[in-house]
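Here the structure is laid out as structure tokens; the discussion comes afterwards.
When reading the values below, keep in mind they use all heavy atoms of this one structure, side chains included, and skip hydrogens, waters and symmetry mates. In what follows, residues are counted from 1 in the order of the sequence shown.
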Amino acid sequence: MLKSKKESTQGYRDLLTQPEYLKLAASNWINRFGDSVDSIAFAWLVYAITESAAWSAVILAFNQLPTILLQPLTGVLADRFRKKRLMVAADLCRALLIVGFLLLYLGDWLTPWGMAAFTMAVSTVEAFRVPAGS
């Protein structure tokens, strides 16, 4: 079957003319940047609290475990829901988790195990958001 001239000349650059794609790409870039900062900040903060490199390693591991273990499954689940709603719900949930974390930190009630739990919770929610944004 022959392709029309218009079909054969479309490429990846054509995506840059699509406003909805640009919004999605920008939000995903900001989201991934925030996830990277989150990972580094949690590891640094637990080191500042405990002065233990081992705890930093534990936090980094807890940050990656949901991605490794859950993301293959959450991708299937994400296909069953409206992706935009799932992304917004995940971002709001992560924001609430971070506010809770901040309150514990400001109240000086934060423990290394509490940080591990928050890291795991934030990364678990992230494991739902990433497939929805893809």
Side-chain angles (χ1 to χ4, degrees):
M1 184 173 239
L2 295 173
K3 291 183 180 180
S4 71
K5 186 172 181 154
K6 182 170 178 109
E7 287 177 333
S8 63
T9 61
Q10 287 183 340
Y12 288 111
R13 283 191 177 166
D14 294 324
L15 287 173
L16 298 177
T17 64
Q18 302 296 320
E20 293 303 314
Y21 171 78
L22 293 174
K23 288 179 199 174
L24 179 63
S27 71
N28 281 336
W29 184 82
I30 291 167
N31 183 49
R32 295 306 303 159
F33 178 75
D35 293 339
S36 299
V37 169
D38 164 272
S39 177
I40 293 166
F42 270 63
W44 170 79
L45 188 57
V46 79
Y47 183 79
I49 291 171
T50 65
E51 295 183 6
S52 169
W55 267 110
S56 291
V58 167
I59 294 298
L60 287 171
F62 275 34
N63 192 305
Q64 293 302 313
L65 276 176
T67 302
I68 295 166
L69 299 176
L70 296 178
Q71 203 161 327
L73 304 172
T74 59
V76 174
L77 291 174
D79 286 339
R80 296 182 180 191
F81 297 97
R82 289 185 181 172
K83 297 198 178 19
K84 188 174 182 178
R85 283 189 180 179
L86 185 57
M87 289 173 17
V88 169
D91 288 342
L92 289 174
C93 186
R94 289 191 310 169
L96 291 173
L97 284 167
I98 296 301
V99 167
F101 179 85
L102 178 64
L103 292 174
L104 287 177
Y105 177 74
L106 292 175
D108 203 27
W109 298 310
L110 200 56
T111 66
W113 283 110
M115 288 188 68
F118 270 99
T119 298
M120 192 76 129
V122 169
S123 294
T124 298
V125 174
E126 178 187 332
F128 281 90
R129 197 230 185 259
V130 170
S134 296

Tell me whether [X] shares a hydrophobic cluster with [Y], the cluster being built from Ile, Leu, Val, Met, Phe, Trp, Tyr side chains joined at under 4.5 Å.
X: F128; Y: I98; answer: no
X: L110; Y: V122; answer: yes
X: I68; Y: L73; answer: no
X: F33; Y: W44; answer: no
X: L15; Y: L22; answer: yes

Identify the two heavy atoms, one from [X] and one from [Y], that lie closest to each other, and give their separation to 0.1 Å.
X: P112; Y: I59; result: O-CD1, 4.2 Å
X: G100; Y: F118; result: C-CZ, 3.9 Å
X: T17; Y: P19; result: O-CD, 3.3 Å
X: N31; Y: R129; result: ND2-CD, 3.2 Å
X: A78; Y: K83; result: O-NZ, 3.6 Å
X: Y47; Y: S56; result: CB-OG, 3.2 Å

Exercise. Above 12 or not: heavy atoms from other molecules or residues under 6.0 Å from CG of D108?
Worked result: no

For this session: Would you please name every residue forming a salt bridge (Lys or Arg N to Asp or Glu O under 4.0 Å) with E20, sequence neighbours left out?
Result: K23

Seminar exercise, completed: Across all chains, not counting sequence neighbours, the salt bridge (Lys or Arg N to Asp or Glu O under 4.0 Å) partners of R32 are D35, E126

Exercise. Does the gap between the ring centers of F101 and F42 come in under 6.0 Å?
Worked result: yes

For this session: I would like to know whether I49 and W55 meet side chain to side chain contact (heavy atoms under 4.5 Å, CB included); could you show each step before the answer?
Result: CA-CA 10 Å; I49 291 171; W55 267 110; over 6 Å; no

[atom2] on [Y] to [atom1] on [X], rounded to 0.5 Å:
X: F81; Y: M87; atom1: CZ; atom2: CE; value: 15.5 Å
X: L103; Y: W109; atom1: CG; atom2: CH2; value: 8.0 Å
X: T50; Y: L45; atom1: OG1; atom2: CG; value: 9.5 Å
X: T119; Y: D38; atom1: OG1; atom2: CG; value: 6.5 Å
X: L97; Y: L92; atom1: CG; atom2: CG; value: 11.0 Å

Problem set entry | Side-chain H-bond candidate by donor/acceptor type, S123 with N63, under 3.5 Å | yes

For this session: With R94 as reference, evaluate V125, T124, V99 under the side-chain contact (heavy atoms from CB on, under 4.5 Å) test and give the passing residue.
Result: V125

Exercise. Would a distance-only check, ignoring hydrogens and angles, find a side-chain to backbone donor-acceptor pair under 3.5 Å from S27 to L24?
Worked result: yes

Exercise. Would you find a donor on one side and an acceptor on the other, under 3.5 Å apart, between the side chain of D91 and the backbone of V88?
Worked result: no

